[in-house]
2 protein chains.
Amino acid sequence: MSTDTTRSAILTAAERLYAERGFGDVTLRDIVAAAGVNLAAVNYHFGSKDELIAELFVTRSIATNRERFNELKAAESAGGGRAPIEAVLRALIGPTLRGCLGQDSERSDAARFMIRAAIETIPPIRKIKNREIDHLRKFAAAMRRSLPGKPDAEIYWGLHFALAMAQQTVRDSERLLRLSEGICDLDDVDGVIDRVVAVASLALKTGTTGTGEAAVSRRR
Amino acid sequence: MSTDTTRSAILTAAERLYAERGFGDVTLRDIVAAAGVNLAAVNYHFGSKDELIAELFVTRSIATNRERFNELKAAESAGGGRAPIEAVLRALIGPTLRGCLGQDSERSDAARFMIRAAIETIPPIRKIKNREIDHLRKFAAAMRRSLPGKPDAEIYWGLHFALAMAQQTVRDSERLLRLSEGICDLDDVDGVIDRVVAVASLALKTGTTGTGEAAVSRRR
DNA sequence: GATAGTTTCATACAGCTGTTTGAATTGCAA
DNA sequence: TTGCAATTCAAACAGCTGTATGAAACTATC
């Protein structure tokens, strides 16, 4: 059916271009040129540019969340309902990092698109973003199971920092590469994931409530 | 002198609008309306929109770097040329976090503008960004002095993660607030700085070379 | 107070944006 | 084949964008 090839050609091209150049720099004419279809096809199949972006975002959002969630449940059921904190964090950041830093170009486009969407907040996406909060809450709950007794604030900060390190690694990998003159190996995806998980879990296991050396050094 | 008030009115309004809504959503007409000046004034005083953005970015970039550098040198000279790693990290992330999370609206606009500029890479800014690498290299050198014997890769990863946590905290403070339902206190700027410094320095002091529990748990 | 230089202003311009239109083409059932 | 719906297409649309223009208003010097 030719409908579907046009539709999916638009989706694929749009995702790739948005991933590469961001939302601001890509026009509908760029997309249809890359997809090899007529300009009017976008409005015919999606209604508007915003609805195209929204469909892209919703689809990928659901896929990423499912991937994360499957990893989490696998880890938890392997441990009898409670996974080590490292496994929970790995389920949270693994899918995105594997997608962005890995070699598979389709996965890479998808992951980079999501990173863009997470940063450059544009109207069609802003509305959908609320769901992500609920999704992250499930991970906070899993982390609470991994670290019983840990104050909630610590859990949230740990989750926040883990996502921060993973996202920044994807977004600004070029700066890290140039700064380190290639010493930091970003092609070793599992190594990068290990690093982020290690730092985040270390922070979560240790108390970081501002009574540590950092706060002390601040107070002279 | 009326020249300067128009010029600076444009700069102030532009910085605020860019900080609030990002580069994609703000037009010259928005800026001149907010500044209360004529449309043609932008091209008269700055030559073009891109040059306005570039001036904004260069000015703030120099100011931020100087602020960071002064803090670093103060800490190092207090310790006889070698500062504790916590102080180095604090000098790196303190200025931005204080600017963004603090109450001073002018500083806040400046800091948020810089965060936007760091993310939404647009042509006029991309060219200037190379200087930042050199600036960060100075901090890497200071970190090396703080932690003699630490492998360079660890230094760069630590620097990268510290910036990641600070920037994400600014960029997505709303998500963290909603996720934690207000439990995480972002108004306590020094507390936030302490947290980031604590996690980053903890990671740097401990070995995170992928031989830790995270990597082990991955390998089952 | 006339003059020269600077700054402001309303207005126009060309280019690009997302969207619409109506005709042409295609695919498929009767 | 005929008829009908779905899809594609070239062309045009109105709106907004950054920029340019030339006249008007201002400022300061003589």
Side-chain angles (χ1 to χ4, degrees), chain A residues 1-58 113 116-117 120-128, chain B residues 1-58 113 116-117 120-128:
Chain A
M1 47 191 95
S2 74
T3 295
D4 202 70
T5 61
T6 298
R7 248 187 86 95
S8 56
I10 292 173
L11 286 169
T12 305
E15 183 166 62
R16 182 171 59 80
L17 290 178
Y18 284 139
E20 285 173 1
R21 321 210 307 241
F23 293 104
D25 276 352
V26 178
T27 72
L28 281 190
R29 284 170 176 81
D30 293 335
I31 294 171
V32 297
V37 303
N38 187 271
L39 173 61
V42 171
N43 288 277
Y44 177 77
H45 286 283
F46 298 94
S48 71
K49 184 191 186 184
D50 280 5
E51 288 173 89
L52 163 63
I53 294 177
E55 171 153 344
L56 223 35
F57 183 70
V58 169
F113 170 84
R116 291 271 191 196
E120 306 173 22
T121 329
I122 56 176
I125 287 179
R126 210 167 303 168
K127 300 168 190 164
I128 311 167
Chain B
M1 48 194 99
S2 77
T3 296
D4 203 70
T5 61
T6 299
R7 248 188 86 95
S8 58
I10 292 173
L11 286 169
T12 306
E15 184 167 62
R16 182 172 59 81
L17 290 177
Y18 284 139
E20 284 172 2
R21 319 208 307 241
F23 294 103
D25 277 350
V26 178
T27 72
L28 281 189
R29 285 170 176 79
D30 293 335
I31 293 172
V32 297
V37 303
N38 187 269
L39 173 60
V42 172
N43 287 276
Y44 177 76
H45 286 282
F46 298 94
S48 70
K49 183 189 186 185
D50 281 5
E51 290 173 87
L52 164 62
I53 295 178
E55 169 152 346
L56 223 35
F57 182 70
V58 168
F113 171 83
R116 291 269 190 198
E120 305 173 21
T121 330
I122 57 177
I125 287 178
R126 209 169 302 166
K127 302 167 191 168
I128 312 167

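Naming convention: chains lettered A, B, ... in sequence-line order (proteins, then strands); numbering from 1 in each chain. Remember, it's a predicted structure, so these values are computed and weren't measured experimentally. No hydrogens, no waters, no symmetry mates; every other heavy atom, side chains included, goes into these values.
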> Any side-chain heavy atom of B:Y18 within less than 4.5 Å of one from B:I53?
Replying inline: yes
> Looking only at heavy atoms, which two atoms of B:S48 and B:N43 are closest? And how far apart?
Replying inline: CA-OD1, 3.8 Å
>> Rounded to the nearest 0.5 Å, what separates atom OG in B:S8 from atom CD in B:E15?
In response: 12.0 Å
>> On a heavy-atom basis, which atom in B:A34 and which in B:R16 lie closest, and how many Å separate them?
In response: CB-NH2, 3.8 Å
> Of all residues at least two apart in sequence or in a different chain, which pass the salt bridge (Lys or Arg N to Asp or Glu O under 4.0 Å) check with B:R21?
Replying inline: B:D30
> Roughly how many Å is it from CD1 in B:I31 to P in D:dT19, rounded to a whole number?
Replying inline: 11 Å
> Are A:N38 and D:dA10 close enough that a side-chain N or O sits under 4.0 Å from OP1 or OP2?
Replying inline: yes
With the criterion being N/O to N/O and under 3.5 Å, what pairs connect the protein with nucleotides 22-26 of chain D, and how long is each?
none

> Tell me the salt bridge (charged side-chain N to carboxylate O under 4.0 Å, His left out) pairs involving residues 46-58 of chain B, sequence neighbours left out?
Replying inline: B:R7-B:E55
> Roughly, in whole Å, what's the span from OH in A:Y44 to P in C:dT26?
Replying inline: 16 Å
> What's the shortest heavy-atom distance between B:I31 and B:A13, and which atoms?
Replying inline: O-CB, 3.9 Å
>> Quick check: closest heavy atoms across B:R116 and B:E20, and the distance to 0.1 Å?
In response: NH2-O, 3.0 Å
> Think A:T6 has a side-chain N or O under 4.0 angstrom from the OP1 or OP2 of D:dT7?
Replying inline: no
>> One pair to check against side-chain contact (heavy atoms from CB on, under 4.5 Å): B:I125 and B:F23. What are the steps and the verdict?
In response: CA-CA 11 Å; B:I125 287 178; B:F23 294 103; 3.9 Å; yes
Could you write out each protein N or O paired with an N or O of nucleotides 14-18 of chain D at a distance under 3.5 Å?
{"unit_1": "D:dG18", "atom_1": "OP1", "unit_2": "B:K49", "atom_2": "NZ", "d": "2.6"}
{"unit_1": "D:dG18", "atom_1": "OP2", "unit_2": "B:L28", "atom_2": "N", "d": "2.9"}
{"unit_1": "D:dG18", "atom_1": "N7", "unit_2": "B:R29", "atom_2": "NH1", "d": "2.9"}
{"unit_1": "D:dG18", "atom_1": "O6", "unit_2": "B:R29", "atom_2": "NH2", "d": "3.0"}

> What's the spacing between B:L39 CG and B:R29 CZ if we round to 0.5 Å?
Replying inline: 5.0 Å
> Atom CG of B:L52 and atom C1' of D:dT19: how far apart are they, to the nearest Å?
Replying inline: 14 Å
> Would you say A:H45 reaches D:dT8's phosphate, i.e. side-chain N/O to OP1/OP2 under 4.0 Å?
Replying inline: yes
>> For A:V37, give me all partners under side-chain contact (heavy atoms from CB on, under 4.5 Å), at least two apart in sequence or on another chain.
In response: A:T6, A:I10, A:V32, A:A35, A:A41
>> To the nearest 10°, give me the bend of the helix from C:dG1-D:dC30 to C:dA30-D:dT1, comparing the axes of its five terminal pairs at either end.
In response: 0°
